[in-house]
Each structure stands twice: as C-alpha cells, then as structure tokens.
Protein chains: 4
Amino acid sequence: MKRVEKKTSRAERKARRPDEILVAAFEVFAAKGYAATRVEDVAARLGITKGTIYFYFPTKEVLFQETFRHASTSYTDLSTAIGSLRGSTADRIRALLLISYESTANDRKTGELLRLSLAEGIRFPEAVDCYHGRFITPTLAALAALIEQGVKSGEFCQHAAACARDVLASSIFQVAVWRLMFADRTPVDSKALLEAHIDLVMSGLVQRSEPRY
Amino acid sequence: MKRVEKKTSRAERKARRPDEILVAAFEVFAAKGYAATRVEDVAARLGITKGTIYFYFPTKEVLFQETFRHASTSYTDLSTAIGSLRGSTADRIRALLLISYESTANDRKTGELLRLSLAEGIRFPEAVDCYHGRFITPTLAALAALIEQGVKSGEFCQHAAACARDVLASSIFQVAVWRLMFADRTPVDSKALLEAHIDLVMSGLVQRSEPRY
Amino acid sequence: MKRVEKKTSRAERKARRPDEILVAAFEVFAAKGYAATRVEDVAARLGITKGTIYFYFPTKEVLFQETFRHASTSYTDLSTAIGSLRGSTADRIRALLLISYESTANDRKTGELLRLSLAEGIRFPEAVDCYHGRFITPTLAALAALIEQGVKSGEFCQHAAACARDVLASSIFQVAVWRLMFADRTPVDSKALLEAHIDLVMSGLVQRSEPRY
Amino acid sequence: MKRVEKKTSRAERKARRPDEILVAAFEVFAAKGYAATRVEDVAARLGITKGTIYFYFPTKEVLFQETFRHASTSYTDLSTAIGSLRGSTADRIRALLLISYESTANDRKTGELLRLSLAEGIRFPEAVDCYHGRFITPTLAALAALIEQGVKSGEFCQHAAACARDVLASSIFQVAVWRLMFADRTPVDSKALLEAHIDLVMSGLVQRSEPRY
DNA sequence: CATGAATGAGATTTCATTCAT
DNA sequence: CATGAATGAAATCTCATTCAT
C-alpha cells in the first residue's frame, strides 16, 4: 500500500513545514544577507513557492527574525555540557571551548549567526539580543563559573582571573571571524589556532608563585 | 559680496567631490550594508543628487568597491609606526596593539571595515582581499617581526612564540567585534579589555627563568 | 452571475498572455521603434502593468526579439500557396505576388516588419536574419521556382529570366516602402502600382517569337 | 609663426562648426536612430563637448531635423544632371538611374536617409517630407520628363509608359533597401541588380514594331 | 565660445506582497 | 494548503538640458 511506503504523512509534512522553511531561510539569509535575499530564493531551495512561505510567515522581516531565533535555539546547551566535564578546571575550560568550537566547525551555523548579527544588527537589534542571549551570555557565564572554581581551588591566580573570561571567549570569536572571512581562500587550521590561544592564555592564568609541579 | 564668501571654487569642489562621495558612501554602506543602501541616501548626505554620484562612479557596485578601498587606505601605517616604538619587546607589542586600537576607537572606520568585510565578503571577495591586505597582513607582519625580536633577545620563549602572533592579533578582533555588536547597548571598556588580553597573553609568552615543568 | 459572464478563466488567460503581450508589443515597437518604446506603453495597451510583462519576458531586449520572431512567424506560408496556384506561369507569378501584397495590405504586419528590420537591424541583427529567413528567402525561392518552370515550358526567355527573380521581388519592396513612408499623407493605389510593375516586368520576360504589334 | 601653419583660423573653424556637427550627427543618427543616439555621442565624434552642440542647436530634436535637412541637401541635383545626358531616351533613363545609384553607392548617405525616413518617419514627419521633396520628387519628375520625351519620340509605347515612372524608380528603392538590410552579411552586386532591373523594365517599355528575336 | 559638473525627469528592472484559483 | 500571476512601490541607471566658470 502507498501509505506504508510514504514515510512522511501529509500531516507530518505540514507540521514540519515551518521548520523546513526556517532552515532553508537561514542558509540563504546567512549567505546573502537580509536585503539581498529574495523570498523566492528561500522557496526555491525547498521546491515550493513564495505563497507557501507567506502562509506561515506574514512578512519577510518576520521570517528573518524567526529564522534568526530558530537558528540560535539549536546551539549546544552549555549549561548541561558544563556539568559533564571532568578533570582540572583548566581541562574543563579547554573542553568547554572545544565544544563551542566543534559546534561551530560542524554546522557553521554559529559562525553564520555571528555574521548575520554583525551584518544586520543595526536593522535588527533583536537579532543581536538573541545572539547575545543564546550564545554569548551562556558562554561567558559558563567560563566565569569555571574560572571562579579555579580561583577557589587555587588553580588560578586571583589577579589574572579578573578578566580571563573575556580573553578566553575571544578565542572563539577569533576562530569564527577567521573562518567567516577566509573560509575558502586561506584555509586555516582553526583547531590548532584555538588550542594555541587557550594554551597561551592558560599559562598566564595558572597560579605561579612557586614551582608549578 | 558673494565672491568673498565663496571659499570653494568650482574647480576645488570638483577635485574634492570623489573623495567626499567616498566618505559619505562609506558611512552609509557601513551602517546599512550594500543592498540596503540607496545611492540616493549617499547623495542626500552630501546635499547633491543621484546623478552626480553616477557622474563619478559608473555603478553602485563600483562605488562600493572604491569606497571600501578608499576607507581601507587611510588605515594607520603600521610599518612606519613600528620603527618609532621604544622599550622592551613586550612594551613595543603592547604599544603596537594600542595603536591599532586607537585607530579603531577614534574613527570607528576599522571596525566598520570589518563589519563590511564580513557582511559583504561573499558578494565582494575583493573587499575581503583589500581588508586583508591593508589591515590584517601588516598587523600580523608587524607582530611577527616584534615577536621574532623578542625570541632572539631571549625575552620570549621559543615554544610559546610559535603561535603568539595570531593570538595577540585576536585581541584586536575581539575588541572590534565587541564594539560592532554591542556598540550602543552594552558599552564595554574596550581599552581595559584589550590590555587585559595583552597582559594575559604576554605573561604566557615571556621567558621564565625557572623551569615550568 | 459572475461565473457565467467570465469567459476566460485564469488558466486560459495565462496561456494567452505571452501572445497577447507579443501582439501588443509589436504594434508599439513598429510604431515607435525599439528605443522610443516604453515597456509601460506595451502594458498600458493591454490594461496590465509593467511587472506583468517582466513576469513573462526578462528584459525589454528579449521582448523585442521575441516580438519580432512572433510577428514574422504568422506570415502567409508561400510554399503551400504556390501549390494551389493555377494558370500560366505568368499568371501564377502574378498571383503569388498578389498574395504577398494582400498579406501586407491587410494586416500591415509585413510592412512594419520591414520597417523594424531596417530601423533596428544594426542593433538587432537577428531581427534581420529572421526577416530574411521568414520572408525574403521563401519569396525569392517561390519566385525562382516559378520562373524556372516558365523557362522550361518555353514561356520565358532564358536570358531575361536570369535576374527576373530579384526584379519581380522588388515590386513587393517598392510597395512596402511606399506604404511605410507615405501611409497617411500620399495615399497610393498600391495594388495598381504592383500590377503595373508586374506587367512591365512580365512583358520583358515573356518569350516573343512574333511581332507584338 | 604659428599663424602661418594654422590652416583654419578660429573664424573659419567657427563658421564650419555647425556643418561639422551636422555631418557627425548624421552618422550617429543614421547608425543608431534618434532615440538611441546621445548628444554626447555626436560631440565625442568631433572631440568636443555636449555644451558646444547646445550652443548651436537648442534641442536634440532640432539637431535631428537640421541634420536630416542638411544631409538631404547634398543629394546630387538631378535637374542639372538631366540636361547633360545624351543618347536615346532609354540610354538617358539608364544613365539617370545610374547617377542615383552612384550617389548612393559612394557615400551611403542616400541609403541612410531612407533608413532614417522609415525609422523616424512617424515621429518626424518633416523628415519624410524632406526626403520626399529632395529625393523622390526630383527623381520621379526627371523620370517622368524623360519618359514623356520617349513617348513623344515614339521610342516608348504609350500604354506601358503610364506607370513606368514608378516602376523604374522602384529599382532604386530595391537596391537601397537591399544594401541597408544586408550590407555586411550578404554582399550583393547592387550595380548588376540595378542594371538587370532597368533592362527588364526597358524591354517592356520600348516600342517594338518588328520581331525582337 | 567652450566646458563639463550637476540636475532631475524618466526609463528599466526588481521584488515583497496579494489573492483568485 | 499551495500556487503563481499580477501588482506597484521603489531602486538603479540614463541622459537631455542647464549654467557657472
């Protein structure tokens, strides 16, 4: 019977439509920016027509905002990740930053969100808010929490820890910006760069008044 | 008398027009992005009409490219700056990064160029090339030169120096991205952030007289 | 009831639109030439808007080319006409030229195509090719075929027949040009002119073995 | 001294300017048509600027009309030519048509005037009037005069002569149209075509009292 | 006289949005 | 629900025309 073969029923399909649209829209918006993206481009990517998109989203502007929100949501939840980390505080920070990196490296979405935030931030402040709330705040909070632990445990020197949070976070931005700008022309070993960054910062962060080991 | 008041003759005006246009165009392009900028916006900012802009630049696309190039050109020349730096290598690196920071902080142009590079890089690869050539390459070269001096003089440990260049450079990106995104909402003390970054990295970079391990 | 009155469904309308546009466009292009025709003029003639035209044709240039091609296509097919002609070869040639004349006289299209070919030929060489292929080549071929028959049957003298084809064809051009230039100012009896032309040429063409007078 | 070398004084140059402009304008108008011709194109061809053209001609429209008039004026004066013709009436007609042909063949101007008349005739009826008055009317008059002489002298048969004028004239149009359309693609031996045309028409025109063959 | 910078009206073209089917 | 023909506002670009120099 037909029904058996058909894996996605009409109802299922319908339920997924908005998400499908948001996914497709994200790709186009990320690649071309808001103004240069045509609603039809998004539709074409799904093999549907403009009209269908307008059935789910009232305007292009709303489509953009929902798209941005949707794309931000799927970001790996750091607060759960942080609980499962093991090892010294330094190891856990390193692991945390690598998790961020991986999520960026795998689906590029995080990087593209950064691009969109920067590119469209002036016209869509909510997008920046969203990016900030979903990505930056949790990352900074997680880092801050880990650093505090390190200070308490004596691993980190109090003084350096004060602004270590932002400095560590910058490693993520560095890699993201690097990839956005030179993606296809100057391939960079992002992971090595990230780890070097972490190493250098860490070595300035660890307590050193006496022999370390 | 009219004549007396008129400070700019027609000839003078003409000679300055292209530059005036490029300056105005940069502001609008930086604020709205390529696609959302209307040629008329640029004209209005100068109190002239579209036609005048098309008299000097054949298309909006060319206007953008020239604008980008023009804005990139005025970036503080690091190779001259580097010669006038004094003090220890660490001091000179610090000074160099602060120069970059100042140029960004004062006219925002550097930051906006970064924004445009990221936002329009896909459609205007030459813009990225330009930004790369004018800004990133000289900065990295200057840093690399200084680091090498530090290694030779024994100030920096060989091992850490290997990737210090990129890590130091990331401080600039961090500040720039931060300012671009949160300019008016979460004012950041960029200078403090930058100096903290440098401090941390430096402390991981300097040669330490006793064994680390 | 609305439904009853509406003779043309949306689907029917859509199917006819391209042709409707091409017909309207031909009239305007023929009357004003390519450059002086505004796309809006064509739209207005159909009671639609510019946008609709651009929905079917990507540019004004393509619209012109398609229009020309479309207008050329409907020209009376001479190769079928030639088969149904009766009488002496001279009679059949006369009939053939009159068929050409009638098609010109009735819808003016042939004449206007000539005007467009001449007027826009430099910018649209394909238009000339098209006119040549659809109109001139078949006419000349048909005439040549008939003349050859006349020579074989002994009706025409070999010598004169050599270039009779072009000379007979010129009668068509003469009438067409005449009508194009003086259409509304010096009305000419085109038919009489054409027949006189044919008579004169024919009398030079026919084999005469005995005194005419 | 400079003056000696300078062949054209400023005054001379000034006096020729309008004519120079009209000559250049004709070439551009003929090649591109009225609407597609920019005033600047005409200026560029003379190495001067738009402003100068506007000094001599108030609008582009006037420039076109003057240009057309000017180009028509230089047409070989047939009424003087006709007096100097010798030989039989048939010979003189042949010679007259060849004179027309030569003037066309040499400077192409006559052909281009025809093109412009047809292309712009609807918007510039005066251009057609001008072409008619300067070219067609004299040609037809000259032909009619010669034909009448031929009839009086018994060379031509009365009957055929009635419309011989237009038929003979058509040979000129045929050649002109042919050259305009196929100038560079299907080079035609215009002169042979013209002479064949004349031969055929003449042989239908001449009085024949005895067997031709 | 000649120049050419500047204007502004108007033409081509694009595209978000609507709505009858 | 989905479609896609149609709209119309707006953007890019052109060019005849003007006028200060």
Side-chain angles (χ1 to χ4, degrees), chain A residues 10-11 13-14 17 35-43 46-63, chain B residues 2-3 6 9-15 17-18 35-41 43 46-63, chain C residues 2-3 6 9-15 17-18 35-41 43 46-63, chain D residues 10-11 13-14 17 35-43 46-63:
Chain A
R10 177 185 295 266
R13 178 132 219 110
K14 173 185 158 187
R17 262 287 141 80
T37 293
R38 289 178 303 152
V39 174
E40 205 160 10
D41 293 337
V42 177
L46 291 170
I48 61 177
T49 58
K50 286 178 301 204
T52 306
I53 294 188
Y54 277 95
F55 180 79
Y56 294 102
F57 304 93
T59 66
K60 185 186 171 187
E61 224 161 283
V62 168
L63 175 63
Chain B
K2 259 184 186 171
R3 296 285 170 199
K6 212 196 294 185
S9 74
R10 192 187 184 87
E12 283 175 300
R13 182 117 229 138
K14 182 206 160 173
R17 262 289 137 79
T37 294
R38 290 178 305 148
V39 173
E40 204 160 11
D41 293 339
L46 292 170
I48 60 179
T49 60
K50 287 174 294 180
T52 304
I53 298 204
Y54 279 97
F55 183 77
Y56 291 98
F57 303 94
T59 65
K60 185 185 169 187
E61 222 161 283
V62 168
L63 175 63
Chain C
K2 258 183 186 171
R3 296 285 170 198
K6 212 196 290 183
S9 75
R10 192 188 185 88
E12 284 175 297
R13 180 118 231 137
K14 181 205 160 175
R17 263 289 137 80
T37 294
R38 289 177 308 147
V39 173
E40 203 159 13
D41 293 339
L46 291 170
I48 61 179
T49 60
K50 287 174 293 180
T52 304
I53 298 203
Y54 279 96
F55 182 77
Y56 292 98
F57 303 95
T59 64
K60 185 185 171 188
E61 223 161 285
V62 169
L63 175 62
Chain D
R10 178 182 293 267
R13 179 131 219 112
K14 174 184 159 189
R17 261 289 141 79
T37 293
R38 289 179 301 152
V39 174
E40 206 160 8
D41 293 337
V42 177
L46 291 170
I48 61 177
T49 59
K50 286 178 300 204
T52 306
I53 294 189
Y54 276 94
F55 181 78
Y56 293 102
F57 305 93
T59 66
K60 186 186 171 188
E61 224 161 284
V62 168
L63 174 63

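Throughout, protein chains are lettered first and strands after them, A, B, ... in sequence-line order, and every chain is numbered starting at 1.
- Rounded to whole angstrom, the span from the OH atom of A:Tyr56 across to the C1' atom of E:dA16 amounts to 20 Å.
- When the side-chain nitrogen and oxygen atoms of D:Tyr54 are compared with OP1 and OP2 of E:dT3, none of them lie within a distance under 4.0 Å.
- Following rounding to the nearest Å, D:Glu40 (CD) and E:dA6 (P) show an atom-to-atom distance of 15 Å.
- For the pair C:Phe57 CZ and E:dT13 P, the computed distance is 14 Å after rounding to whole Å.
- The CZ atom of C:Phe55 sits 5 Å away from the C1' atom of F:dA5 (whole-angstrom rounding).
- For C:Ile53 and E:dT12, the CD1 to C1' distance is 12 Å, given to the nearest whole Å.
- F:dT17 atom C1' lies 13 Å from atom CG of D:Leu63, rounded to whole Å.
- Remark: B:Ile48 CD1 to B:Tyr56 OH distance equals 8.0 Å, nearest 0.5 Å.
- Between the CD1 atom in B:Ile53 and the CZ atom in B:Arg17 there is a gap of 9.5 Å [rounded to 0.5 Å].
- In this entry E:dT13 has F:dA10 as its Watson-Crick or G-U wobble partner, both defining distances falling under 3.5 Å.
- Contact annotation: the side chain of D:Tyr54 never approaches that of D:Leu63 to less than 4.5 Å [non-hydrogen atoms, C-beta and beyond].
- Across all strands shown, the partner of F:dG4 is E:dC19, judged by Watson-Crick or G-U wobble contacts whose two distances both fall under 3.5 Å.
- Along DNA chain F, the nucleotide nearest C:Thr49 and the nucleotide nearest A:Thr52 are compared for position; the residue whose nucleotide lies closer to the 5' end is A:Thr52.
- Here the side chains of A:Val42 and A:Val39 are not in contact, with every heavy-atom distance at 4.5 Å or above.
- When rounded to the nearest whole Å, the span between CZ of C:Arg38 and C1' of F:dC15 equals 16 Å.
- Judged by distance alone, with hydrogens and angles left aside, C:Lys50 brings a side-chain donor or acceptor within reach of the base of E:dT13, the pair sitting under 3.5 Å.
- Rounded to the nearest 0.5 Å, atoms CG (C:Asp41) and NZ (C:Lys50) are 11.0 Å apart.
- Between the CG atom of C:Leu46 and the C1' atom of F:dA6 there is a distance of 13 Å, given to the nearest Å.
- In this structure, B:Val39 and C:Gly47 both approach DNA chain F, and ranking their closest nucleotides by distance from the 5' end singles out C:Gly47.
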